[in-house]
S.K.: 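Structure incoming, see below.
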Amino acid sequence: MTALAILNARLIDPASDYDGPGAVLIEDGRIAEVVRGAGAGAPEGVETVDAGRLCLAPGLIDIRVKTGEPGAEPKETLKSASLSAAAGGVTTLVVQPDTNPAIDDPAMIEFIQRRGAALGLVNVRAAGAVTRGRDGKRMAEIGLMDEAGALYFTDVDRVIADSRLLMRVMSYAATYNALIACRPADPWLSEGAVATSGELATRLGLAAAPAIAERIQLERDLALVEQTGARFLVDQISTEGALETLARARAKGLEVAASVSINHLCFNEIDIGDYRTFYRMDPPLRPESDRQALIEAVREGLIDAVTSAHAPAPAEDKRRPFAEAAPGAVGLETLLPAALTLHHEDGLELLDVLRPLTHGPAGLLGLDAGVLASGAPADLILFDPNAPVVIDADALKSKSKNSPFDGRRLQGRVLLTVVGGRIVHDAR
């Protein structure tokens, strides 16, 4: 690999809380040197990029990405997801195990990671299923998948209702120090719900679940964490009540992390409007008070990872009555400009916005990425945080175009994405 120097940049490094001028020298796929301060030059013969004082940061790490491969390639392939990720500044993505067949054994973990590596775009990693076929009945081979490289274990949107099974899973995972992720939603309260209980859902005639369903399930999950000592990720937390439960668990010293979808940071239940199915999410969009509580949780560091919750769905699955439409949205390409609304509109510092997109998930998953430091992987993004963009869903590289940001004016454009020292996206 040739060496590359990115000069005259504004370095944004949440791992060290540094936001200031500097330059980065890349050799053999890793960061050879980080120079803080203005005026740094490059060694003779090294290819250089003049950042023009724009922001240079670690590449984004998205820990919740659904694809259609294997089993539903018309929705999304690993290649189209990787192209979307590169365009959006996501240098590492974690594929969810809700494929067909499910990613529930070591061979499937190895297939996903081999296929991703062969594409030569971004780092493609996999999460393993907690139960076989994600059926919630039989524990999958967590130990073997951990050895094969699975970064964590989850049944994605399916709740493990059997408390005894989940306790066994947590106890077993604790012996490997493996991370278990569950989406908190009481299955009896939330079954069939497509909205949050309240005046809006009643007026629209939508089947709804109370917000307390999330907190009830989280209380159960955290009690099992306390019993087993497992490492645990609260997947897609979305309500203020659940945040209070999370804070109490952290105060007790439990090893509990939390992720939030960018959709729940940017939209509330009012965006459903007159049954706009692109805003049909799972968990459903919440009242504005919950959205504001989530933003404050990001500001205070209670949230470890902000995810795109990338969930591709073709038009025929979205253009249906609201209750029948497929939930979710594509988000790999819009993740950064959407997250930057927290900076432009809600006053968060850039360091606080980027921390749960870089250093936070890297630390959670034990990756050496997410940092601007000598020896770290040269996974970097150069972006203009103020550049205006109008999202055009038809122009997205994803095979599916179900973006709730379609037509929305945002700020923030990725100009350069570097993975392992290679430029994989260049929009300069």
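Heavy atoms only: backbone and side chains are in, while hydrogens, waters and symmetry mates are out.
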S.K.: E69 versus F111: any side-chain heavy-atom pair under 4.5 Å?
M.R.: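 Yes, at least one pair of side-chain atoms sits under 4.5 Å.
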S.K.: Nearest 0.5 Å please: distance from the NE2 atom of H310 over to the OG atom of S84.
M.R.: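 The OG atom of S84 is 5.5 Å from NE2 of H310, to the nearest 0.5 Å.
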S.K.: With rounding to the nearest 0.5 Å, note down the distance linking OG1 in T154 to CD1 in I103.
M.R.: 11.0 Å
S.K.: Nearest 0.5 Å, what's the CD-CZ distance between E240 and R215?
M.R.: 10.0 Å
S.K.: Would you say the side chains of S400 and E76 form a donor-acceptor pair under 3.5 Å?
M.R.: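 Short answer, no.
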S.K.: Check whether R134 reaches the backbone of V156 with its side chain - one donor and one acceptor, N or O, closer than 3.5 Å.
M.R.: no
S.K.: Would you say H264's side chain and P284's backbone share a donor-acceptor pair under 3.5 angstrom?
M.R.: yes
S.K.: More than 12 non-hydrogen atoms from neighbouring residues, nucleotides or ligands closer than 6.0 Å to CZ on R36, yes or no?
M.R.: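 Count over threshold, so yes.
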S.K.: Could you check whether atom NZ of K79 has more than 12 heavy atoms from other residues, nucleotides or ligands sitting under 6.0 Å from it?
M.R.: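 Not more than 12 within 6.0 Å, no.
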S.K.: Side-chain contact test, heavy atoms from C-beta onward, threshold under 4.5 Å: evaluate it for T358 versus L60 and give yes or no.
M.R.: yes
S.K.: Check whether any side-chain heavy atom of S398 lies under 4.5 Å from a side-chain heavy atom of L332, and answer yes or no.
M.R.: no
S.K.: Give the intermediate values and the outcome of side-chain contact (heavy atoms from CB on, under 4.5 Å) for residues F232 and L222.
M.R.: CA-CA 8 Å; F232 188 71; L222 294 179; 4.1 Å; yes
S.K.: Does Y279 have its ring centroid less than 6.0 Å away from the ring centroid of F322?
M.R.: no
S.K.: Report, as yes or no, whether the 6.0 Å neighbourhood of atom CZ on R276 holds more than 12 heavy atoms from other residues, nucleotides or ligands.
M.R.: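 Atom CZ in R276 is packed in, count exceeds 12.
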S.K.: If the test is side chain to side chain donor-acceptor pair (under 3.5 Å), which one of T239, T196, N268 qualifies with R286?
M.R.: T196
S.K.: What is the distance from atom CZ of R408 to atom CD1 of I391, rounded to the nearest 0.5 Å?
M.R.: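 Taking CZ in R408 and CD1 in I391, the distance rounds to 9.5 Å.
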S.K.: For the residue pair A86 and H425, what are the closest heavy atoms and their distance?
M.R.: O-CB, 3.4 Å
S.K.: For E33, check side chain to side chain donor-acceptor pair (under 3.5 Å) against everything at least two apart and list the hits.
M.R.: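 Applying side chain to side chain donor-acceptor pair (under 3.5 Å) to E33 gives none.
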S.K.: Inspect the contact between R30 and D368 and indicate whether a charged nitrogen and a carboxylate oxygen are less than 4.0 angstrom apart.
M.R.: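 Yes, this pair counts.
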S.K.: Any chance you could lay out the side-chain contact (heavy atoms from CB on, under 4.5 Å) test for L7 and D50, step after step, and finish with the verdict?
M.R.: CA-CA 5 Å; L7 310 177; D50 185 349; 5.6 Å; no
S.K.: So, using side chain to side chain donor-acceptor pair (under 3.5 Å) as the criterion, who are the partners of D162 when residues are at least two apart?
M.R.: none
S.K.: Please check: side-chain N/O of K66 versus main-chain N/O of Q96, any donor-acceptor pairing under 3.5 Å?
M.R.: no
S.K.: Please check this pair: side chain of Y18 against backbone of P21, looking for a donor-acceptor N/O pair closer than 3.5 Å.
M.R.: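 Yes: the side chain of Y18 pairs with the backbone of P21.
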S.K.: Which atom pair, heavy atoms only, marks the closest approach of V371 to I31?
M.R.: O-CD1, 3.9 Å
S.K.: Determine whether V306 and V353 make a side-chain contact, defined as any pair of heavy atoms from C-beta on separated by less than 4.5 Å.
M.R.: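 Not in contact.
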S.K.: So do the side chains of E214 and S238 get within less than 4.5 Å of each other, counting heavy atoms only?
M.R.: yes
S.K.: Quick check: are there more than 12 heavy atoms from other residues, nucleotides or ligands sitting under 6.0 Å from CZ of R413?
M.R.: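 Result for CZ/R413: open.
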S.K.: Rounded to the nearest 0.5 Å, how far apart are CG of D62 and CZ of R125?
M.R.: 14.5 Å
S.K.: Nearest 0.5 Å, what's the CG-OG distance between L233 and S259?
M.R.: 4.5 Å
S.K.: Okay, side chain of D379, backbone of G420: is any donor-acceptor separation there less than 3.5 Å?
M.R.: yes
S.K.: Is there side-chain contact between V49 and N8, with at least one heavy-atom pair below 4.5 Å?
M.R.: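 Side chain of V49 against side chain of N8, heavy atoms only: no contact under 4.5 Å found.
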S.K.: Return yes if some donor-acceptor pair links the side-chain N/O of K401 with the main-chain N/O of L396 below 3.5 Å, else return no.
M.R.: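 The answer is yes, because a donor-acceptor pair under 3.5 Å joins these two groups.
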S.K.: Do you know which two heavy atoms are closest between R250 and G301, and how far apart they sit?
M.R.: NH1-O, 4.1 Å
S.K.: Can you give me the closest heavy-atom contact between M108 and D105, atom names plus distance?
M.R.: N-OD1, 2.9 Å
S.K.: Are L121 and V419 close enough, and set up right, to give a side-chain contact (heavy atoms from CB on, under 4.5 Å), and what steps lead you there?
M.R.: CA-CA 7 Å; L121 292 166; V419 178; over 6 Å; no
S.K.: Does T277 use its side chain to pair, donor to acceptor, with the backbone of K318 at less than 3.5 Å?
M.R.: yes
S.K.: So does R183 pair up with D221, basic N to acidic O under 4.0 Å?
M.R.: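 So R183 does not pair with D221 through a salt bridge.
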S.K.: Could you check whether any side-chain heavy atom of P70 comes within less than 4.5 Å of a side-chain heavy atom of I112, counting everything from C-beta outward?
M.R.: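 Contact flag for P70/I112 side chains = yes.
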S.K.: Side chains of L350 and L340, heavy atoms from C-beta outward: is any pair under 4.5 Å?
M.R.: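 Yes, at least one pair of side-chain atoms sits under 4.5 Å.
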S.K.: Output, in order, the C-alpha distance, side-chain angles, deciding distance and verdict of salt bridge (charged side-chain N to carboxylate O under 4.0 Å, His left out) for D157 and R64.
M.R.: CA-CA 11 Å; D157 298 317; R64 199 182 206 275; 2.9 Å; yes
S.K.: Show the nearest heavy-atom pair for residues M145 and P106, with the distance to one decimal.
M.R.: CG-N, 3.7 Å
S.K.: Check the pair D17, R355 against salt bridge (charged side-chain N to carboxylate O under 4.0 Å, His left out), reporting the backbone distance first and the verdict last.
M.R.: CA-CA 9 Å; D17 285 326; R355 186 171 290 108; 2.4 Å; yes
S.K.: Checking S374 side chain against A32 main chain: does a donor-acceptor pair fall under 3.5 Å?
M.R.: yes
S.K.: Can we say D135 and R138 salt-bridge, meaning some charged N sits less than 4.0 Å from an Asp/Glu carboxylate O?
M.R.: yes
S.K.: Considering all heavy atoms of both residues, which atom of N402 and which atom of P404 are nearest to each other, and what is their separation?
M.R.: O-CD, 3.8 Å
S.K.: For E110, I'd like to know if atom CD has over 12 heavy atoms of other residues, nucleotides or ligands within 6.0 Å.
M.R.: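 Yes, CD of E110 has more than 12 neighbouring heavy atoms, counting only those of other groups under 6.0 Å.
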S.K.: Got more than 12 heavy atoms from elsewhere within 6.0 Å of CZ, R248?
M.R.: yes
S.K.: Using modelled atom types and a 3.5 Å cut-off, is there a donor and acceptor pairing between side-chain atoms of R299 and backbone atoms of I295?
M.R.: no
S.K.: Strictly distance-based, threshold 3.5 Å: is any side-chain N or O of Y172 a donor or acceptor partner for the main-chain N or O of M139?
M.R.: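 Not at all, since once roles are kept as given, no pair shorter than 3.5 Å links the two residues.
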S.K.: Determine, stepwise, if the pair T228 / V169 fulfils side-chain contact (heavy atoms from CB on, under 4.5 Å).
M.R.: CA-CA 9 Å; T228 61; V169 165; over 6 Å; no
